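Only one structure is covered here, and it is reproduced in the block below.
Here is how names work: the chains are called A, B, and so on, in the same order as the sequence lines, proteins then strands, and each is numbered from 1. Only heavy atoms go into these numbers, but all of them, side chains included; no hydrogens, no water, no symmetry mates. What you are looking at is a predicted structure, and each value in this text was computed from that prediction instead of being measured.
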Amino acid sequence: MAMKEYLKEAIQQALSQMDGVPEGFEPELEAPRIAQHGDLATNCAMQLARHLRRAPLQIAEAIAACLVLDADRIARCEVVRPGFINFRFSKRHLYQSLAACLAAGLQFGRSRKGQGQRALVEFVSANPTGPLTVGHGRNAVLGDTIANLLEWIGYDVTREYYFNDAGRQMRVLGASVRGRYEQLTHAAGVATKMLRTGTDAEVVVPASFPDDGYLGNYIITIAKALAEKHGDALLTAEDEAPFTSAAKAAIFETIKGTLQRLGIVMDVFFNEQSLYDSGAVAAVLEALRDTGYIYQREGATWFKTSALGKDGDTVLVKSSGEPTYRLPDIAYHCDKIGRGFDRCIDVFGADHIATYPDILRALRLLKLDADRVEVIIYQFVTLLRGGKEVKMSTRKANFVTLDALITEVGADVARYFFLMRSAKRHLEFDLDLAKEASDKNPVFYLQYAHARICSIADKAASIGIETDASEDFSLLVHDAEVALIRQVVRFPSALSAAALAREPHRMIGYLREVAEQFSQFYHHCRILGEPRQIARARLALALAARVVLANGLAVLGITAPTSMERREERP
RNA sequence: GCGCCCGUAGCUCAGCCGGAUAGAGCGUCUGCCUCCGGAGCAGAAGGUCAGAGGUUCGAAUCCUCUCGGGCGUACCA
């Protein structure tokens, strides 16, 4: 990164000696796709061709002629075909960066880009009506990893879970538990009826069970616990409250346990109800009213979104007097901004696509800085079992819980699978592949490279070969060695690119390349058994690769094992 | 109808703030351990980047349209 800045300045210096360069022109530097072209390249000559009315190649040559570069840092600078200027780092620079990597160790890759900035990442935010599903898993892992990425570039990050434990949903939940409880505790038994699950299976439920009640077995578990604790004393309860609160507590316990298995710990659980209790919801509605974009019609309160670029208007308070979700959502975002967060990142499933534009409209009307709000929409997860799609619905009880998924494939594989694709694409999660063919799973490739380096380091130590950051790296000249150094040294910029884009999958791609470069190095360049100085230098390089793998996996929330179960001998 | 996302190798996907020869994994085929962990390495085959226009010195990438898939578009939560 420092190198990029250095070259940018050098180029600007050269450009300042030329006529006709537009004011404020900034040269761009990129790593060429093809390694042969160098470490960094600029296309600025081609961009300037229009303004200077000269051939790009000529301009590039003129720039190159004016460039003053430190030979200690840049070994080569060449002008090629259409008008690129390619730069190649000096070996010395690479060796210095390698030493820096080893010296920084577990801190390598951390930066201060976000220093002094506070970010709130809101994710999961599932209401306590049932266990987390596979869909929540993608949300949870994405949110947590984005939070990790932000922390690594210096942000002060708060992980927040927003939930609603009031309203119709919870009443139905309570009534469902009550129905099951009556079924369990009525000595004489209760009348029953049939309901259908999402897969059309029939379920026998008590007659008092709501038709749209929750059919999952976890409801029965909760009812059983109540029966054990209270006997049949709750049969005379006046309302669903004891059932609802027991259900809520039990379900939250389950949810927290599931998140913990994935290594996720929330900082704040934010209850929507608190926004009503504090008067924040009412205050926001009043403030919006003052903007003139609120009106009454047929007993409901409307937000005039049609005047703000939307197709129609939006109800904020129903004629029943009950607010829709929009209103507390708006109040919640006002609250977040009010708490002083510089970035408010929401991780939402694709089904929420329609809600956030309204929130942003409201924030702007209220003169709040809506630009602080970033919404990350991820597409749905398709779960495949036996090559067939598994359909999911919490209420209808045919879902695969996130817990079951973790048990089946393990937390590391689960995290990896949820992160390996761009959030904006549908994710195909093939259970059979994740589990049965785990030896083909790329997460093991990364972990294996790490474990292998640990093994080599142990063996080296046992025969008295140790190393530190002050090796003579100039002994590392093999193509595979230099390629690995290049890859390792890129880690900080790869990390910050992933963080700034909020795209964890980039980190996975980068780490896969690290493991690949390491494997090539490992096969081409022996460490143990070589002359001592070479062994030490190569060991140091391997340890640098280990640093990057360990730190990269830490960002992704995946463990970096020091050893892995040995496989059976190959035939 | 309207809004957002997607269409790239047999399959699953990178690449998308325009750049140099479109990449990877899996699958298929061929080689490779006397040796630091073979969950590996080396190599091969496999492409009208959905289609058509446009902008540009240059387009998988930007714009328009068409086709195909997903998700929304409730006084549901």
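Applying the 4.0 Å criterion to OP1 and OP2 of rG37(B), one finds that K459(A) has a side-chain N or O inside that range. Within the structure, every side-chain polar atom (N or O) of S519(A) is placed at least 4.0 Å from both OP1 and OP2 of rG40(B). Contact annotation: K310(A) side-chain N/O to rC4(B) OP1/OP2 distance is not under 4.0 Å. Look at Y522(A) and you'll find a side-chain N or O under 4.0 angstrom from OP1 or OP2 of rG38(B).
In RNA chain B, runs of at least 3 consecutive Watson-Crick or G-U pairs, each pair with both distances below 3.5 Å, span B:1-7 with B:67-73, B:10-13 with B:23-26, B:28-32 with B:40-44, B:50-54 with B:62-66.
Nucleic acid contact class of E272(A) (heavy atoms, under 4.0 Å, all strands): none. Among the heavy atoms of the strands lying under 4.0 Å from V80(A) is at least one base atom, whether or not backbone atoms are also near. When heavy atoms are screened at a 4.0 angstrom cut-off, D329(A) is found touching no nucleic acid atom at all. S319(A) comes within 4.0 angstrom of a nucleotide base, judged by non-hydrogen atoms across all strands. Residue contacts for Y448(A): at a heavy-atom cut-off of 4.0 Å it reaches a base atom on one of the strands shown. In this structure, A55(A) reaches neither bases nor backbone, as no heavy-atom distance under 4.0 Å exists between it and the strands shown. Residue contacts shown for C525(A) include a base, since a base heavy atom lies under 4.0 Å away.
For the pair Q447(A) CD and rG40(B) P, the computed distance is 13 Å after rounding to whole Å. Taking atom CZ of F84(A) as the reference point, atom C1' of rG18(B) lies 10 Å away to the nearest angstrom.
Closest approach to the Q36(A) side chain among rU12(B), rG40(B), rU21(B) is made by rU21(B) (side chain taken as heavy atoms from C-beta onward). You'll find that the side chain of A350(A) is closest to rC71(B), out of rC71(B), rG40(B), rC36(B). Here the nucleotide nearest the side chain of R326(A), chosen from rA20(B), rA77(B), rC36(B), is rA77(B). Side chain of M564(A), nearest nucleotide from rA20(B), rG37(B), rC75(B): rG37(B). Considering only side-chain atoms of I527(A), the nucleotide from rA20(B), rC36(B), rG37(B) that sits closest is rC36(B). Each of rC13(B), rA20(B), rG37(B) was ranked by its minimum atom distance to the side chain of R81(A); first place goes to rA20(B). For Q520(A), the listed nucleotide lying nearest its side chain is rA42(B); candidates were rU21(B), rA42(B), rG69(B). Residue R425(A) places its side chain closer to rC13(B) than to any other of rG72(B), rC13(B), rA20(B).
With RNA chain B read from its 5' end, the first of the two nearest nucleotides for D311(A) and T562(A) is the one closest to D311(A).
Of the residues in residues 295-308 of chain A, those with a non-hydrogen atom less than 4.0 angstrom from any atom of RNA chain B are R297(A), E298(A), A300(A), W302(A). Using a 4.0 Å cut-off on heavy atoms, the residues of residues 504-513 of chain A that approach RNA chain B are H505(A), R512(A), listed by number.
For the ring pair (Phe, Tyr, Trp, His ring centres under 6.0 Å) test, residues two or more places apart in sequence or in another chain that qualify with F252(A) are Y161(A), F163(A), F269(A). With sequence neighbours left out, Y378(A) forms a ring pair (Phe, Tyr, Trp, His ring centres under 6.0 Å) with no residue at all. Considering only residues two or more places apart in sequence or on other chains, H478(A) meets the ring pair (Phe, Tyr, Trp, His ring centres under 6.0 Å) condition with H524(A). Listed by chain and residue number, R76(A) satisfy the salt bridge (Lys or Arg N to Asp or Glu O under 4.0 Å) test with E78(A) (two or more places apart in sequence, or in another chain). Considering only residues two or more places apart in sequence or on other chains, R452(A) meets the salt bridge (Lys or Arg N to Asp or Glu O under 4.0 Å) condition with none of them. For T254(A), there are no side-chain hydrogen bond (donor to acceptor under 3.5 Å, both in side chains) partners two or more places apart in sequence or in a different chain.
For the residue pair R490(A) and Q487(A), a side-chain donor N or O sits within less than 3.5 Å of a side-chain acceptor on the partner.
Taking the six-membered ring for Trp and thresholds of 30 and 60 degrees, H352(A) and F348(A) have nearly parallel ring planes, at less than 30 degrees apart.
Taking 3.5 Å as the limit, the base of rA20(B) and the side chain of N86(A) contain a donor-acceptor pair of atoms between them.
Residue pairs meeting the salt bridge (Lys or Arg N to Asp or Glu O under 4.0 Å) criterion with at least one partner in residues 31-44 of chain A, sequence neighbours excluded, are D39(A)-R486(A). Among residues at least two apart or in separate chains, side-chain hydrogen bond (donor to acceptor under 3.5 Å, both in side chains) pairs with a member in residues 414-428 of chain A are D144(A)-R415(A), T145(A)-R415(A).
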Please assess E240(A) against R171(A) for the test side chain to side chain contact (heavy atoms under 4.5 Å, CB included), listing each intermediate value before the final yes or no.
CA-CA 7 Å; E240(A) 268 83 49; R171(A) 288 197 295 276; 5.6 Å; no
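Aromatic ring centres of Y293(A) and F303(A): separated by at least 6.0 Å. Checked against a 6.0 Å centroid threshold, the rings of F418(A) and F429(A) count as neighbours.
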Annotated protein contacts, base or backbone, on nucleotides 57-62 of chain B with a non-hydrogen cut-off under 4.0 Å, one of B, S, - each:
B--B--
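Both stacking criteria are satisfied for H37(A) over the base of rA20(B): a centre-to-centre distance under 5.5 angstrom and an angle between ring planes under 30 degrees. In this structure, F380(A) forms no aromatic stack with the base of rG70(B), since the conditions of centre separation below 5.5 Å and plane angle below 30° are not both met.
Counting only heavy atoms from C-beta outward, the side chains of M420(A) and H505(A) never approach each other to under 4.5 Å.
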